[in-house]
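Position 1 is the first residue of the sequence, and the numbers go up from there. Basis for what follows: all heavy atoms, side chains included, without hydrogens, waters or symmetry-related copies.
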Amino acid sequence: MTSRTPLFTPVLIVGCVIIIISFAVRASFGVFQIPIADQFGWARTEFSLAIAIQNLAWGIGQPLFGALAEKIGDRRAIIIGALVYAVGLVLSAWSVTPLEHQLYAWLVGFGVAGTGFGVILAVVGRASSEENRSMSLAIAAAAGSAGQVFGPPVAEWLLGVMAWPSVFMIFAALILTTLLALPMMRVPQPASKAELEESMGEILIKALRDPSYFLIFIGFFSCGYQIAFITAHFPAFVTELCGPILPGGTLDSLGISTTSALGAVAISLIGLANIAGTLAAGWAGKRYSKKYLLAGIYAGRTIVASLFILFPITPTTVIIFSVAMGTLWLATVPLTSGLVAHIYGVRYMGTLYGIVFFSHQLGSFLGVWLGGRLYDLYGTYTQVWWIGVAIGAFSAIVHLPIRERPMGRAVPA
């Protein structure tokens with residue numbers, strides 16, 4: 001008789017809890033764009049740069065925390081990440097200059113790296129059987145969307161009853177609660193005997209010499225650009241450009257009476273739709289070619305974003321866009337991380353995926369910063385939106401030549 005490894009393990013459950021809380025806080029930063037800029041009289045670029053730096057730090061920190069987890073253990077790396085995250089939020093709460101926000105954004109970004117996808121997906125991937133890995137990674141990625149569902153609306157609600165520094169303090173305390181779940185995260189066997197025989201340096205050299213790894217790296221750039229730009233700027237975009245919400249209409253009856261509230265809810269809707277989209281990607285990734293699925297997702301994003309910006313911005317189109325884009329939102333994560341694990345193994349998945357994720361965060365930095373910069377120059381987000389459309393189409397193309405087979409395995413002629 002063969003024993004089947006359960007899909008839902010303590011590692012997966014705890015990993016989901018940590019990602020939910022980490023991403024709930026991270027996804028809410030766009031809600032603070034206007035309140036902080038209005039209080040201090042800053043240009044949109046100032047706080048946008050802080051969020052951009054946060055995304056860049058997340059990208060730099062991801063392979064570092066991945067390597068750290070592989071050296072000192074996953075739980076210790078997560079503890080360090082949570083502490084850095086909380087400290088960054090507390091210091092940001094007391095910041096009154098753009099430079100302070102931008103400086104402490106490095107701590108927040110490194111904190112996200114230690115409590116986010118890189119470390120968690122690596123340990124979940126190692127804890128999962130080959131049969132369950134694609135779906136396990138999808139569930140963990142979908143947990144990020146679950147955090148995104150309630151993070152921005154909760155931040156918006158808290159801003160209605162207290163000042164933004166107090167909200168940051170509450171978020172810092174929330175991050176620290178993730179440490180309570182860590183005792184349940186039992187570190188699994190890291191890899192097969194064959195994978196253990198390879199050093200980190202050996203597998204890194206193999207990956208860096210592989211053209212497919214480079215294609216995965218550059219292809220993930222547009223994902224970061226689009227997601228970070230929308231997360232950071234879409235609430236303000238909707239607040240300022242969306243048509244009015246009609247009194248007595250469906251949205252008004254649900255308590256969404258202002259475009260500001262709709263902007264926060266839009267981010268939540270994206271997260272809600274992405275739960276289904278990411279789980280569907282995990283299901284499909286087990287059955288179909290991951291590279292073709294990724295190409296299809298990027299092509300779909302390109303079409304959705306193009307149609308949205310070409311039509312008048314109304315509450316209805318905002319909701320339709322949020323649901324459509326949300327379905328494609330983090331569906332790239334289980335497929336990209338699963339592709340890395342499939343080709344290069346799970347032993348050093350944290351480091352290898354972390355390097356790929358750095359490209360994602362370079363895109364995130366550019367999307368957030370450029371959004372604020374071009375807005376200040378031209379008073380519109382149109383230019384940066386069309387740049388996102390173009391690089392999305394580029395990513396759809398570059399995934400096609402990837403050789404989707406385990407490295408070192410002979411391929412029949």
Should the ring pair Phe308 and Phe237 be called parallel, tilted or perpendicular, given that the plane angle runs from 0 to 90° and is split at 30 and 60?
tilted
Check whether Thr259 reaches the backbone of Thr239 with its side chain - one donor and one acceptor, N or O, closer than 3.5 Å.
yes
Flag if over 12 foreign heavy atoms under 6.0 Å of CZ, Arg209:
no
Taking atom NZ of Lys291 and atom CG of Leu294, what is their separation to the nearest 0.5 Å?
11.0 Å
Would a distance-only check, ignoring hydrogens and angles, find a side-chain to backbone donor-acceptor pair under 3.5 Å from Ser95 to Leu91?
yes
Between Gln54 and Trp58, do the side chains contain an N or O donor and an N or O acceptor separated by less than 3.5 Å?
no
Just by distance, do the side chain of Glu404 and the backbone of Leu339 share a donor-acceptor pair under 3.5 Å?
no
Audit row: Ile60, Gln361, side chain to side chain contact (heavy atoms under 4.5 Å, CB included) steps and yes/no
CA-CA 8 Å; Ile60 294 172; Gln361 293 311 102; over 6 Å; no
Using 30° and 60° as the class boundaries, would you call the ring planes of His233 and Tyr381 parallel, tilted or perpendicular?
tilted
Side chains of Asn274 and Leu328, heavy atoms from C-beta outward: is any pair under 4.5 Å?
no
Between Thr115 (side chain only) and Gly111 (backbone N and O only), is there a donor and an acceptor less than 3.5 Å apart?
yes
For a 4.5 angstrom cut-off between non-hydrogen side-chain atoms, does Gln102 reach Thr97?
no
Regarding Tyr375 and Glu240, do their side chains bring together a donor and an acceptor under 3.5 Å, going by distance alone?
yes
Sidechain-backbone polar pair: Ser136 side chain, Val124 backbone, donor-acceptor under 3.5 Å
no
Indicate the atoms forming the closest heavy-atom contact of Thr327 with Val323, along with that distance.
OG1-O, 2.8 Å
Side-chain contact, heavy-atom cut-off 4.5 Å: Trp42 with His101?
yes
Side-chain heavy-atom pair Ile18, Leu182 within 4.5 angstrom cut-off
yes
What are the two closest non-hydrogen atoms of Val108 and Gly88, and how far apart are they?
CG2-C, 3.7 Å
Which label fits Tyr353 and Phe220: parallel for a plane angle under 30°, tilted from 30 to 60°, or perpendicular past 60°?
tilted
When you measure from the side chain of Ser395 to the backbone of Gly392, do you find a donor-acceptor pair of N or O atoms at a distance under 3.5 Å?
no
Tell me if a side-chain donor or acceptor on Trp106 pairs with a main-chain N or O of Ile53 at a distance below 3.5 Å.
no
Would you call Tyr85 and Arg26 a side-chain contact if the rule is heavy atoms closer than 4.5 Å?
yes
Quick check: Trp385 with Phe321 (ring centres under 6.0 Å apart)?
yes
With heavy-atom distances below 4.5 Å as the criterion, would you say the side chains of Asn55 and Trp369 are in contact?
no
Any donor-acceptor N/O pair, Ser359 side chain to Phe217 backbone, under 3.5 Å:
yes
Between CG on residue Leu335 and CD1 on residue Ile216, distance to nearest 0.5 Å
11.5 Å
For Phe23 and Gly116, work out which heavy atoms get closest and say how close.
CE1-CA, 4.1 Å
Shortest non-hydrogen pair, Ile120 vs Ile78, comes out as CD1-CD1, 3.7 Å
How about Trp157: does its CH2 atom have over 12 heavy atoms from other parts shown lying under 6.0 Å from it?
no
More than 12 heavy atoms of other groups within 6.0 Å of Tyr378 OH:
no
Mark yes or no for whether Gln226, through its side chain, and Gly388, through its backbone, hold a donor-acceptor pair below 3.5 Å.
yes
Taking it one step at a time, do Leu362 and Phe358 satisfy side chain to side chain contact (heavy atoms under 4.5 Å, CB included)?
CA-CA 6 Å; Leu362 285 176; Phe358 177 63; 3.7 Å; yes
Carefully, step by step, assess Leu370 and Tyr225 under the rule side chain to side chain contact (heavy atoms under 4.5 Å, CB included).
CA-CA 10 Å; Leu370 202 59; Tyr225 180 100; 4.0 Å; yes
Show the nearest heavy-atom pair for residues Val398 and Pro401, with the distance to one decimal.
O-CD, 3.1 Å
Would you say Phe214 has more than 12 foreign heavy atoms packed within less than 6.0 Å of its CZ?
no
Does a side-chain heavy-atom distance below 4.5 Å link Thr332 with Tyr298?
yes
Angle class for the Tyr213/Tyr344 ring planes (parallel below 30°, perpendicular above 60°, tilted otherwise)?
perpendicular
Does Lys290 reach the main-chain N or O of Gly285 with its side chain, forming a donor-acceptor pair under 3.5 Å?
yes
Check the surroundings of atom CH2 in Trp386: do more than 12 heavy atoms from other residues, nucleotides or ligands lie under 6.0 Å from it?
yes
Flag the pair Tyr104 / Phe168 as yes when at least one side-chain heavy-atom distance between them is below 4.5 Å, and no otherwise.
no
Where is the tightest heavy-atom contact between Ala281 and Ala331, given as atom of each residue plus distance?
CB-O, 3.6 Å
